[in-house]
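Okay, so here's the structure we're looking at.
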Amino acid sequence: MTFTPVNNYLYVRTVEDAETEDSGILLPQDYRAVESPFAVVEVVNSCGENGTIWGRGLQLVVEAHMLRDIQHNGDTFTVIKENHVIGILSDS
């Protein structure tokens, strides 16, 4: 199924962090690591309205709590509004 965002939404995929090495420290069973308020995502598709710069594969830093999952017919589409993008990651 194809999903095309409109109204300044971006269709994104969350980029997973590299696995952290096991330190050998024992933690309580109910311990939960503090999650960052930010996430790195990769653009899958954008609406292309208003001359936006969002290209497929571009990695962005976004506010993690603003990511929205849409589930339909067994597929999950993650979207975020363009104005919740904080920055663009690049190697240069």
Side-chain angles (χ1 to χ4, degrees):
M1 179 173 286
T2 302
F3 177 78
T4 303
V6 295
N7 294 330
N8 298 324
Y9 274 95
L10 299 172
Y11 172 26
V12 297
R13 176 183 310 116
T14 304
V15 176
E16 300 296 326
D17 288 336
E19 292 288 326
T20 56
E21 199 173 296
D22 185 15
S23 65
I25 298 174
L26 295 177
L27 299 170
Q29 286 182 333
D30 60 348
Y31 175 79
R32 291 181 56 182
V34 176
E35 293 186 23
S36 172
F38 307 104
V40 176
V41 297
E42 182 178 305
V43 176
V44 176
N45 199 356
S46 65
C47 60
E49 297 173 359
N50 303 324
T52 57
I53 61 169
W54 316 116
R56 185 169 286 166
L58 192 63
Q59 289 194 342
L60 309 172
V61 177
V62 299
E63 297 181 68
H65 71 280
M66 298 308 293
L67 290 168
R68 300 289 178 248
D69 288 333
I70 301 166
Q71 296 180 350
H72 179 70
N73 287 339
D75 292 323
T76 301
F77 307 100
T78 304
V79 298
I80 191 163
K81 277 286 210 183
E82 289 181 358
N83 59 332
H84 294 292
V85 173
I86 296 170
I88 300 170
L89 292 177
S90 65
D91 290 331
S92 55

Query raised in the report: Are any of the side-chain heavy atoms of Thr4 and Asn45 separated by less than 4.5 Å?
Result: yes
Report task. Check Val62 against Ile86 and note the closest heavy-atom contact, atom names and distance. Result -> C-CD1, 4.1 Å
Query raised in the report: Taking side chain as C-beta onward, heavy atoms only, is Val41 less than 4.5 Å from Val15?
Result: no
Query raised in the report: Taking the side chain as C-beta and beyond, is there a heavy-atom pair between Leu60 and Leu10 under 4.5 Å?
Result: yes
Query raised in the report: So, the side chain of Arg68 versus the backbone of Val79: is there a donor-acceptor pair under 3.5 Å, distance only?
Result: no
Requested in this report: Flag yes if Leu58 and Val44 sit in one hydrophobic cluster, no otherwise; membership is Ile, Leu, Val, Met, Phe, Trp, Tyr, and two members link when side-chain heavy atoms are under 4.5 Å apart.
Outcome: no
Report task. Fit a plane to each ring of Phe77 and Phe3, take the angle between them on a 0 to 90° scale, and name the class: parallel (under 30°), tilted (30 to 60°) or perpendicular (over 60°). Result -> parallel
**Report entry** Test item: side-chain donor near acceptor, Thr78 and Asp69, under 3.5 Å
**Finding:** yes
Report task. Measure the CG-CD distance between Asn7 and Glu82 for me, rounded to the nearest 0.5 Å. Result -> 10.0 Å
Query - Expected output: side-chain Lys81 to main-chain Leu67 donor-acceptor under 3.5 Å - result: no
Query raised in the report: Is there a path from Ile88 to Met66 through hydrophobic residues (I, L, V, M, F, W, Y) whose side chains come within less than 4.5 Å of each other?
Result: yes
Query raised in the report: Going from CD1 on Ile70 to OG1 on Thr76, what distance comes out if it is rounded to the nearest 0.5 angstrom?
Result: 10.0 Å
Query raised in the report: To the nearest 0.5 Å, what is the distance between CD (Glu63) and CG (Asn83)?
Result: 8.5 Å
Query raised in the report: Looking at Ala39 and Ala64, what are the two nearest heavy atoms and their distance?
Result: CB-CB, 4.0 Å
Requested in this report: Check the hydrophobic clustering (I, L, V, M, F, W, Y; side-chain heavy atoms under 4.5 Å; chains of links allowed) and say if Trp54 and Tyr9 are grouped together.
Outcome: no
Query raised in the report: Heavy-atom count around Tyr11 OH within 6.0 Å, excluding the residue itself: above 12?
Result: yes
